[in-house]
Amino acid sequence: MTMEYVKEIPSKAEAFSDWYTAVCLRAELADYSPVRGMMVIRPYGYAIWESMRDELDRYIKRTGHSNVYFPLFVPRSLLEKEAEHVEGFNPQVAWVTHAGGEELAEWLAIRPTSEAIIAEVVKGWIQSYRDLPLLMNLWNNVVRWELRTRLFLRTAEFLWQEAHTFHATEQEAADEVALGLEGYRSVAEDWLAIPVIRGRKSRAETFPGAVYTDAVEAMMRDRRALQAGTSHMLGQNFARSAGIEFLDRDNLRKNPYGTSWGFSTRMVGATIMAHGDDAGLVLPPNVAPHQVVVVPIFRDDEGRAAVAGAIERLEGAFAGVQTASGPLRWKVDWREESPGFKYNHWELRGVPYRLEIGPRDVAAGQAVLVRRSDRAKEALPLDALAAELPGHLAAYQAGLFQRALDFRAANTHHVDTYADFKHVLDEDGGFLMAPWCGGDECEKEINADTGATIRLVPFDSPDEAGTCLVDGRPSERRVLFARAY
RNA sequence: CGGGGUGUGGCGCAGCCUGGUAGCGCGCCUGGUUUGGGACCAGGAGGCCGGCGGUUCAAAUCCGCCCGCCCCGACCA
């Protein structure tokens, strides 16, 4: 229905994957680079990342963590200390073998994540229970060699945050894992307007070297699942292999309990895929680099002057306006292009509201506010805009969240038999809530058979006796299956 | 790594079969007219046709080898 306006990108329904790539490129979020599998994040895309990054950074600091930095390289011997960890990451590690014109005595891994090197260093910082908890966070880049890459979603290098904490007790560490996950839930839901389901990963999906992994999972508009953040209970695994010990209150030497949790630039891709439509991006106001773009319309110099005068008065009125994500971010598009061109230009870029001001509007003392998500138009008095916009933006943000929630509800299915499971997955896709016995073999078979994986054992789903899809053994509750990114 | 496709101005493509030294659309630059859903006219810039070798008087075009990229099959934030 909106197709008639769109010339630059493929239809979302017909070719979601092509649509996604076209949006990333045409909206100038990202570009390919001379290095295969590694992307360039352009100003508009980086601004979106900065917004979610800053919001998460505030949460991390508010909850007592400090930002730190650790090296890009991890000596091979360190990476190999934790057995499961090496095994899990080895295929994805890029190695530096030469430097200074010579072959290195010991290879250096380009960090795929920093657990190993952090554990090695902090063992010199932790002597006593008084040194705990140790709450650190890194904003950095990591490299994981990927075979098939997609802009933002899976690239050989990505930007992220990795928190690393050490605690005296298992309970404290468990609380920390939950704290990290709550940060991701809140950024996803409150900032990106993407509803998530919280839960625990199956054994097969657990981080290499972790005791358990919790995650938040979101549904994209092609009904596939995307992991929006993971929080790991490392137990004493890394502490033990690195030899970190502290003297506790009871005068016994113990290994501290560790956690780590991460959130990456993949969430820029999630934001695109959770809200976008056939005209391009649809950005939640909290992350939109421009929340409102003014398109001036005029026929002649006289009209132009009238419109320019009205816009100048808006500048004064908008100066102090606050939104949920800080001062109102708005701009005027004075380029020498036709209004229609500008409408399409800013719709492609997902700007929440467009404000059209023409001579007729100025004469009537109003402007036409057009909402990106459904192109709903509303004429508002010029002198009411400053007061009205924050409310409009907040309502729009809430509306996008609700729309995504409704979409997820409409595409979540409860199935009880394997036949139904396959049928629904092929017909509709989406989230499938189904009984599972907990066995690795059954999980593996379903994946090999259908391409779906267990995304989570959700925290919020009720206990419900059932029988496993595959082997018919008893199941205590439904788990979330989906095809995933 | 196995199967399929493709490489020609910034982007998308035609030309190749039937050899004769390159064309279209978009974009870009200049000037003018325009501006309420992707404006129009005129002029202009821009290409060792993926690379190397061969056939030929002559190769984007025919032949051989190599390289890159895209899609599909085993892993992942």
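To find a chain, count down the sequence lines: A is the first, B the second, and so on, and within it residues start at 1.
Counting non-hydrogen atoms under 4.0 angstrom, A/Val295 reaches nothing in the nucleic acid. Using a 4.0 Å heavy-atom cutoff across all strands shown, A/Pro359 reaches at least one base atom of the nucleic acid.
Listed by chain and residue number, A/Lys422 satisfy the salt bridge (charged side-chain N to carboxylate O under 4.0 Å, His left out) test with A/Asp449 (two or more places apart in sequence, or in another chain). For the salt bridge (charged side-chain N to carboxylate O under 4.0 Å, His left out) test, no residue two or more places apart in sequence or in another chain qualifies with A/Asp175. Under the side-chain contact (heavy atoms from CB on, under 4.5 Å) criterion, A/Glu157 pairs with A/Met38, A/Asn141, A/Val143, not counting sequence neighbours. Among residues two or more places apart in sequence or in another chain, the side-chain contact (heavy atoms from CB on, under 4.5 Å) test is passed with A/Val68 by A/Phe70, A/Met136, A/Leu138. Here A/Val96 pairs with A/Phe73, A/Leu104, A/Leu108, A/Ile110 under the side-chain contact (heavy atoms from CB on, under 4.5 Å) rule; sequence neighbours left out. With sequence neighbours excluded, the residues forming a side-chain contact (heavy atoms from CB on, under 4.5 Å) with A/Glu80 are A/Arg76, A/Val86, listed by chain and number. Taking A/Arg335 as the reference, A/Asp333 meet the side chain to side chain donor-acceptor pair (under 3.5 Å) condition, with sequence neighbours excluded.
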Protein heavy-atom contacts under 4.0 Å, written 5' to 3' over nucleotides 69-75 of chain B as B (base), S (sugar-phosphate only) or - (none), form the string S--SSB-

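Proximity of residues 331-340 of chain A to RNA chain B (heavy atom under 4.0 angstrom from any strand atom) is restricted to A/Glu336, A/Glu337, A/Ser338, A/Pro339, A/Gly340. Contacts between residues 222-233 of chain A and RNA chain B, defined by a heavy-atom separation below 4.0 Å, involve A/Gln227, A/Thr230, listed by number.
Relative to the side chain of A/Asp361, the nucleotides B/rG36, B/rG38, B/rC76 differ in distance, and B/rG36 lies closest.
Note: CZ (A/Arg299) to P (B/rG36) measures 7 Å, nearest angstrom. Atom pair A/Ile357:CD1 and B/rU35:P shows a separation of 19 Å (rounding to whole Å applied).
Side-chain polar atoms of A/Thr213 and A/Thr206 form no donor-acceptor pair below 3.5 angstrom.
Consecutive Watson-Crick or G-U pairs involving RNA chain B, each under 3.5 Å on both distances, make up stems of three or more pairs at B:1-7 with B:67-73, B:10-13 with B:23-26, B:28-33 with B:39-44, B:50-54 with B:62-66.
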What nitrogen or oxygen pairs link the protein and nucleotides 2-11 of chain B at under 3.5 Å?
none

